[in-house]
Amino acid sequence: MAEETGQEKTEDPTPKRLREAREKGDIPRSKELNATALLLAAAGAMLLFGTSAAQRTAAMMAANFELSREELFDSRLMLIHFGASVQEMIWAVLGFMVMVALAALIGPIALGGLNFSADSIQPKMSRLNPLAGLKRMFSVKALVELAKAFAKFVLVAAFAITVLTILTPELFALGGQDVRVAIAHAVELVGWSFLVISSSLILISLVDIPFQLHDYSEKLKMTLQEVKDEMKNTEGKPEVKGRIRQMQREIAQRQMMTEVPTADVVITNPTHYAIALKYVSGDRDAPIVVAKGADFVALKIREIAKEHDVPVLSTPPLARALYYSTEIDQEVPSALYKAVAQVLAYVFQLKRFKANQSEKPVPLRDKDINIPQDYQHE
């Protein structure tokens, strides 16, 4: 994309770009960290279990060299001795193998975390492209890898020469020691030498890890156009989003209109606003707004109310106050309780009058309804 548009990749990768890279198995890794973890674990295992492993091995070999003539020519006994020897060797190296296996698992996930992707193990013909291979061979990353390899050679050689120089007297002294003591001592010397030499790779890892993180971030960087395209694809184009919002409003209005016939009263402006209220005794503490709207929506609410004999009462101050202070399926504010109660009381009296159960109520006037100053709108 950058080559096609001529734009430079200057933008940091977005969370979506990072997530897609992980799904493809593309995460930061450091071979030097993995190798260092394995070698240090092996050195530590040798120091912890080396002497015991050497003693078990020596005892197993001694036992096999002490077999009698009858045992040597008895195939059944030889099979038993072979099984015992194998079992002894497994126990001898078990601790070593467990520590190395744990290091092999922990090392790769220390940088980049645990990740499994089937896409990364699928065969890709692009990996067999000789031109791409030449490009990788002469890239900046290849140059860095060459520098790391040379630095590793120099460091490991320097540490090895230093360790061998220091331990030379002890190495020559092994020849004058008892065999069992010499084996244990030799294992200890090899373990410490291995640990010191392996520790030299820590310096390489400390340089390689920041480089791998930087290289990974640079590889996933995006152009400004790519960021814009991703935002469009993720959030949708403005015209599509506008259409979706319009459809959502239409659906909400249709649902709202189905509640108008259940209302107790519709309060109007009389033409600009319409608010349908419903009160169920014991269900809620106060009346709720089941529908509201302005202009065309208000007209539709009034039409539905008249079709279903829902009282329509024109009280402009209260209509404006309710329109600006409430939402659908929300209780009316406590400051408007008294005003709404006056309207509902009048409506209920009007219903009883129509049912010949009471006298005709006195018409409710706007000045009789007290609207708090904070809820008055022009």
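We number each residue from 1, following the sequence as shown.
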Determine yes or no for a side-chain-to-main-chain donor-acceptor pair under 3.5 angstrom, with K292 supplying the side chain and T326 the backbone.
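Such a contact is found between K292 side chain and T326 backbone.
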
Look at the side chain of D309 and the backbone N and O of A305, then say whether any donor-acceptor pair between them is shorter than 3.5 Å.
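The answer is no, because no donor-acceptor pair under 3.5 Å joins these two groups.
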
Atom CD of E218 and atom NZ of K221: how far apart are they, to the nearest 0.5 Å?
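Here the rounded value is 4.0 Å.
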
Is [X] linked to [Y] within one hydrophobic cluster, defined over Ile, Leu, Val, Met, Phe, Trp and Tyr using a side-chain heavy-atom separation of less than 4.5 Å?
X: F65; Y: M60; answer: yes
X: V266; Y: L299; answer: no
X: V98; Y: V100; answer: no
X: L201; Y: V190; answer: yes
X: I275; Y: Y337; answer: yes

Provide the closest heavy-atom pair for [X] versus [Y] in the form atom of the first, atom of the second, distance.
X: D264; Y: Y279; result: OD2-N, 2.7 Å
X: L313; Y: Y346; result: CD1-CE2, 3.9 Å
X: E327; Y: V289; result: O-CB, 3.7 Å
X: V260; Y: I301; result: CG1-O, 3.9 Å
X: A42; Y: F96; result: O-CE1, 3.4 Å

Report the hydrophobic cluster partners of V86, with the cluster defined as I, L, V, M, F, W, Y residues connected by side-chain heavy atoms closer than 4.5 angstrom, directly or transitively.
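Via sub-4.5 Å side-chain contacts, V86 links to F82, I90.
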
How does the hydrophobic cluster around W192 look, that is, which other residues are in it when side-chain heavy atoms under 4.5 Å mark a link?
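Members other than W192 - counting any ILVMFWY side chain reachable under 4.5 Å - are L40, L47, L195, I202, L206.
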
Check against side chain to side chain donor-acceptor pair (under 3.5 Å), N269 and S314:
CA-CA 6 Å; N269 194 34; S314 176; over 6 Å; no

